[in-house]
Amino acid sequence: MEAVEGGYQRAPVTPDEGVDVASRPSYARRAAAAGVLVAGALLASGAVARGSTLSVDATTELGSLKSAYCNLTISKQTWSVSDPTSAADFLYKYFPVECETDGGFTDYSLCHHSQGECGSYVRLALNGTNEGEHVPCFGLHMVNAKDRPAGNVSVSEVETHFDARLTDMSTYDPFMDISMMFYANSLQTYVEAFERDGVPYMLLKWRDNSGSNIIDDCADTATSASSVSSDCTEGSVFFSLIVHVPHTQINFELVSSLAPETAGGNANVTDAKERNGASERPIFEDPTVRMSHIALSFAGSAPPGSDDLVPLAISEATSDMATVTEYYTTILSADVDYDSEDSDDTIDGYTMKIFRLPGAPMPVKVVQRHVESNYAFGVTELEVAKNSAHKESYESPICGFDQYMDNHFDLTQYDYPVDEWTTRLSDYGYKWHCNRVGFGSLDIYATKPSGDVIQLDGYLTDPGIDYMLNLGCYNVSNVLFHMCSQGKCSWKSENYSPGDSTDDPEDASSSSTDASSATTATTAGCGRRWLRASRGGPCACALAEDARPPPDDPSRRRPDRNGACAAPGTCTPPAGYAHARVAPVSPRRQWVDAEGVFGGASAIQAIALSYGVYVSQGVARRAAADGGGHGSPKLGYEILHTNVAGALDKLRFQYEVYDGPTYPQWRSYLLWLKRRLAAGAPVLWFPMRAGGEHDAYGLANATYDVVQPVFGIYSQYALTDASEVFDDDVLAHGSGKAPDGSANLGYYRRFDTLVDTLYLRGNCSKADDKRGEAYPCLDVAYDFGVAISGNAAGPSLPVSLALDKDYEPDTDVGDVAALELSATVTVRDVRLNGRYVLFRFDKGNSAVPSESKDYFDAADWALSFAVAGPNGTNATVAYAWEDPHKILSNTTVAYRCVPDTRKHAAPGLARL
């Protein structure tokens with residue numbers, strides 16, 4: 001584009017076919033299926049070098065609409081407007097929006113809401129698809145809180161400046177960099193509607209950065225940056241339509257891979273009907289990369305033939321890129337997707353960066369123009385107006401919410417605690433406001449260098465909760481929905497009363513103070529996280545054929561015996577705990593072969609031993625149906641959350657499957673886990689591990705990598721009332737790679753270290769990728785578990801087994817012989833001077849009758865025994881016995897013990 005006074009001169013180009021978006025692969029199928037908590041994993045290596053290309057797997061599928069709409073990490077854009085109704089009328093007329101309502105919210109969530117002299121708002125949402133239903137998703141909110149302060153420049157004055165600069169859209173203006181960007185299947189519908197009604201708009205043609213570096217590759221042949229042709233890159237062609245919503249600060253930029261029809265400014269084709277919807281506006285060629293390839297890939301597209309818009313990016317203008325970069329990368333921990341600069345000292349010159357905030361597939365684009373237009377009120381003046389309003393009205397994090405605070409987008413993420421960010425914001429001199437939005441959760445409104453705001457949602461650390469509570473952030477109702485309110489300003493005085501209706505009208509009718517309810521809501525558990533997303537994704541890779549140990553490899557039969565405890569895990573039981581319950585479980589070593597990982601089978605094996613049953617991993621697998629993982633009818637199937645219940649039924653164990661809330665599940669899961677362990681029931685849990693895919697074969701919400709036994713709980717508080725989880729509670733688990741420590745006691749973890757997001761940047765950030773199973777983490781959103789509470793195969797005293805080996809050879813692969821295992825059988829609750837019979841069933845639980853009177857007919861061996869004690873004693877003890885007959889490692893054997901009711905039974909072992 002050639003520079004002229006006030007903007008860009010028209011430089012018409014001939015439209016081409018562009019690129020059909022349906023042929024573009026998404027950047028990752030996981031991003032498409034999850035929609036959240038993915039981008040950071042892809043960009044974990046840091047910022048992308050300027051002009052560099054991010055490769056895309058051409059075999060991955062196009063992003064689903066669900067990922068781009070509902071459950072977004074960035075879920076809405078809000079603007080401060082002087083007339084929400086008129087702005088909404090414009091959006092209703094030209095864009096696929098509908099009223100955003102939710103019967104589960106308060107009356108304040110009504111789409112059109114007025115509070116008289118205090119103001120009004122309209123809450124719209126883009127049409128979208130979620131779980132197969134067409135529903136409103138991405139929020140477009142317009143707020144007129146006219147009773148709140150706005151500094152020296154009113155919102156209506158700012159809107160007048162926007163109107164004046166964007167009156168005919170004939171030249172590019174830096175205010176066009178301030179927009180909400182959407183992807184559209186086609187621009188033609190909008191072109192026709194705007195032409196019909198005389199709405200000004202601008203068309204642009206540009207390329208993304210999917211090809212070569214624009215600056216470096218073209219610098220030698222170009223006379224100036226502005227003369228660089230888009231043909232100089234290999235990037236895909238896209239087209240943009242920019243339109244301004246009249247009398248607002250709102251701009252939309254619609255992006256499509258298909259060129260709109262255009263008359264190219266043909267003077268002989270002027271009548272709208274004669275033109276048949278073809279645009280008489282030219283298409284300007286823009287040499288800049290208006291959006292990065294990775295962002296376009298993340299967005300995906302609407303269904304074929306649909307006019308729906310997919311949220312693509314938030315675009316901002318700045319006068320100080322260095323400060324903005326510091327804000328996003330240093331304070332909010334953002335990555336840089338793309339970085340470009342044109343040093344031209346005309347309006348063509350610019351610096352542009354595309355930032356990706358933690359957990360957000362949708363990026364934020366920021367542009368600094370080196371030369372402003374001739375219009376007096378520019379980007380700098382706009383920033384000054386908004387920041388001045390914040391400075392004049394702001395008194396504290398709970399008081400002083402001005403009209404420009406409503407210029408914000410929402411970010412909900414779980415990589416970083418929000419209170420960590422508020423600390424950084426304060427350290428760098430940025431203002432932020434806290435406000436309760438729901439039971440136990442907060443909105444944080446943080447000002448940015450531009451004067452706009454970002455609404456931060458997520459989790460708080462325990463100290464952060466205490467700080468926010470003492471600060472006065474928790475209210476009985478959402479204070480800011482009262483549009484005359486600037487926050488909880490009476491908390492400026494230490495004499496604040498929770499019933500003060502000047503701040504929070506709902507307080508007056510509340511039967512209890514909010515401080516106490518907030519404390520109750522937030523002190524249970526460790527970590528403070530929740531998530532609104534569903535996940536799926538590509539199947540985990542099978543173990544490569546050449547990576548499997550050969551059948552005769554000693555490492556398959558004889559694991560490393562040094563018992564090293566993998567850091568940062570610890571294999572020493574915690575000291576100083578007043579209460580503990582540890583089941584007699586010893587960690588086992590799982591098989592790994594062509595049929596997948598046997599973590600679930602080895603975990604069942606470990607827990608089964610605590611109930612007097614030895615089950616080979618092969619036997620456990622053959623008890624399972626196809627659950628979506630590896631396996632075959634001959635060798636059995638990998639134990640997953642989908643088939644573990646059926647396997648336990650066939651193996652005859654009593655169990656309880658965790659069935660928590662839809663999401664987030666971490667809090668209820670930890671409480672369920674503690675209660676089951678406190679009751680003496682070991683648990684199969686399904687956590688993530690460092691170095692894992694966090695995606696079990698693409699099964700819905702199955703973000704786990706391993707299946708392990710959890711068998712112990714330690715607490716400073718009585719376990720008889722396990723109604724609350726404490727941060728310093730400790731559990732014991734096996735890794736599946738025994739021995740776990742020199743004594744093979746397992747790994748010990750505090751509860752406040754157990755939960756993390758898919759990135760594993762929190763509690764599991766220091767876990768070793770090579771030994772991630774030693775320090776796994778639970779997903780903040782979706783968790784699975786099965787508590788095995790007993791042996792269902794007939795009555796018995798408590799019986800457990802201890803084996804002389806913590807592994808068994810994989811006899812299902814290759815010519816590998818079974819091992820003979822020596823078992824020590826322990827029977828608990830044996831009464832002194834009582835007589836008992838210990839039965840051995842060499843076909844396992846399947847051979848155990850349901851009634852003990854039939855044990856003699858079905859068992860293979862019977863040991864009659866008694867434990868002598870003082871006459872008249874009623875004490876109980878544990879009786880240990882080493883079975884002289886070995887157990888073949890590829891079989892299953894069960895032991896049951898009952899009182900001996902025979903009158904003249906001889907003590908000793910007998911074959912039946």
Side-chain angles (χ1 to χ4, degrees), residues 16-32 34-35 38-64 67-68 74 179 181-185 204-218 228-240 253-259 285-302 309-315 334-342 350-357 360-367:
D16 58 20
E17 295 180 357
V19 177
D20 184 357
V21 72
S23 67
R24 291 189 298 113
S26 66
Y27 185 75
R29 177 171 167 233
R30 184 170 183 80
V38 179
L42 298 173
L43 300 174
S45 58
V48 179
R50 175 174 299 176
S52 64
T53 301
L54 292 173
S55 62
V56 177
D57 181 4
T59 64
T60 55
E61 299 175 4
L62 186 66
S64 68
S67 72
I74 296 178
S179 70
M181 301 180 70
F182 303 99
Y183 191 87
N185 280 340
L204 302 173
K205 175 187 175 183
W206 51 278
R207 294 179 184 267
D208 70 7
N209 64 318
S210 59
S212 58
N213 184 312
I214 294 175
I215 300 299
D216 293 345
D217 291 355
C218 300
V228 175
S229 168
S230 61
D231 293 331
C232 197
T233 79
E234 297 175 355
S236 299
V237 174
F238 290 92
F239 298 87
S240 288
E253 179 173 347
L254 311 185
V255 176
S256 178
S257 62
L258 300 178
E285 184 167 2
D286 186 347
T288 65
V289 173
R290 296 193 66 81
M291 187 45 55
S292 64
H293 181 65
I294 185 174
L296 291 161
S297 299
F298 263 125
S301 68
L309 297 176
V310 177
L312 178 59
I314 292 165
S315 182
D335 291 315
V336 179
D337 265 11
Y338 183 77
D339 183 353
S340 181
E341 183 174 2
D342 187 330
Y350 69 91
T351 300
M352 179 177 71
K353 291 189 178 183
I354 298 177
F355 300 96
R356 190 173 302 276
L357 290 159
M362 185 165 65
V364 177
K365 180 180 80 170
V366 183
V367 181

Item to complete: Check the pair Arg207, Val289 against side chain to side chain contact (heavy atoms under 4.5 Å, CB included), reporting the backbone distance first and the verdict last.
Response: CA-CA 6 Å; Arg207 294 179 184 267; Val289 173; over 6 Å; no
Nearest 0.5 Å please: distance from the [atom1] atom of [X] over to the [atom2] atom of [Y].
X      : Y      : atom1 : atom2 : value
Asp335 : Ile294 : CG    : CD1   : 9.5 Å
Ser340 : Asn209 : OG    : CG    : 9.0 Å
Leu258 : Phe238 : CG    : CZ    : 10.0 Å

When you compare the side chain of [Y] with that of [X], does any pair of heavy atoms fall below 4.5 Å?
X      : Y      : answer
Val336 : Ile354 : no
Leu296 : Leu312 : yes
Arg290 : Lys365 : yes
Ser257 : Tyr183 : yes
Val366 : Met352 : no

Practice prompt. Identify the heavy atoms of Ser210 and Gly235 that sit nearest to each other, and give their distance.
Written response: OG-CA, 3.4 Å
Item to complete: Can you see which heavy atom on Ala334 is nearest to which on Phe355, and at what distance?
Response: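 For Ala334 and Phe355, the tightest heavy-atom pair comes out as CB-CB, 4.3 Å.
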Practice prompt. Determine, stepwise, if the pair Lys205 / Val237 fulfils side chain to side chain contact (heavy atoms under 4.5 Å, CB included).
Written response: CA-CA 7 Å; Lys205 175 187 175 183; Val237 174; 3.8 Å; yes
Worksheet item: Are Asp337 and Arg356 within salt-bridge range, i.e. N to O under 4.0 Å?
Response: yes
Discussion item. According to side-chain hydrogen bond (donor to acceptor under 3.5 Å, both in side chains), who are the partners of Ser240, at least two apart in sequence or on a separate chain?
Written reply: Trp206, Glu253
Short side-chain to backbone donor-acceptor contact, [X] and [Y], under 3.5 Å:
X      : Y      : result
Asp208 : Ser236 : yes
Ser179 : Met181 : no
Ser292 : Tyr338 : no
Thr351 : Glu341 : no

Item to complete: Show your reasoning for whether side chain to side chain contact (heavy atoms under 4.5 Å, CB included) applies to Val364 and Leu357.
Response: CA-CA 8 Å; Val364 177; Leu357 290 159; 4.1 Å; yes
Practice prompt. Give the C-alpha distance, both sets of side-chain angles, the deciding distance and a yes or no for side chain to side chain contact (heavy atoms under 4.5 Å, CB included) between Phe239 and Val255.
Written response: CA-CA 6 Å; Phe239 298 87; Val255 176; over 6 Å; no
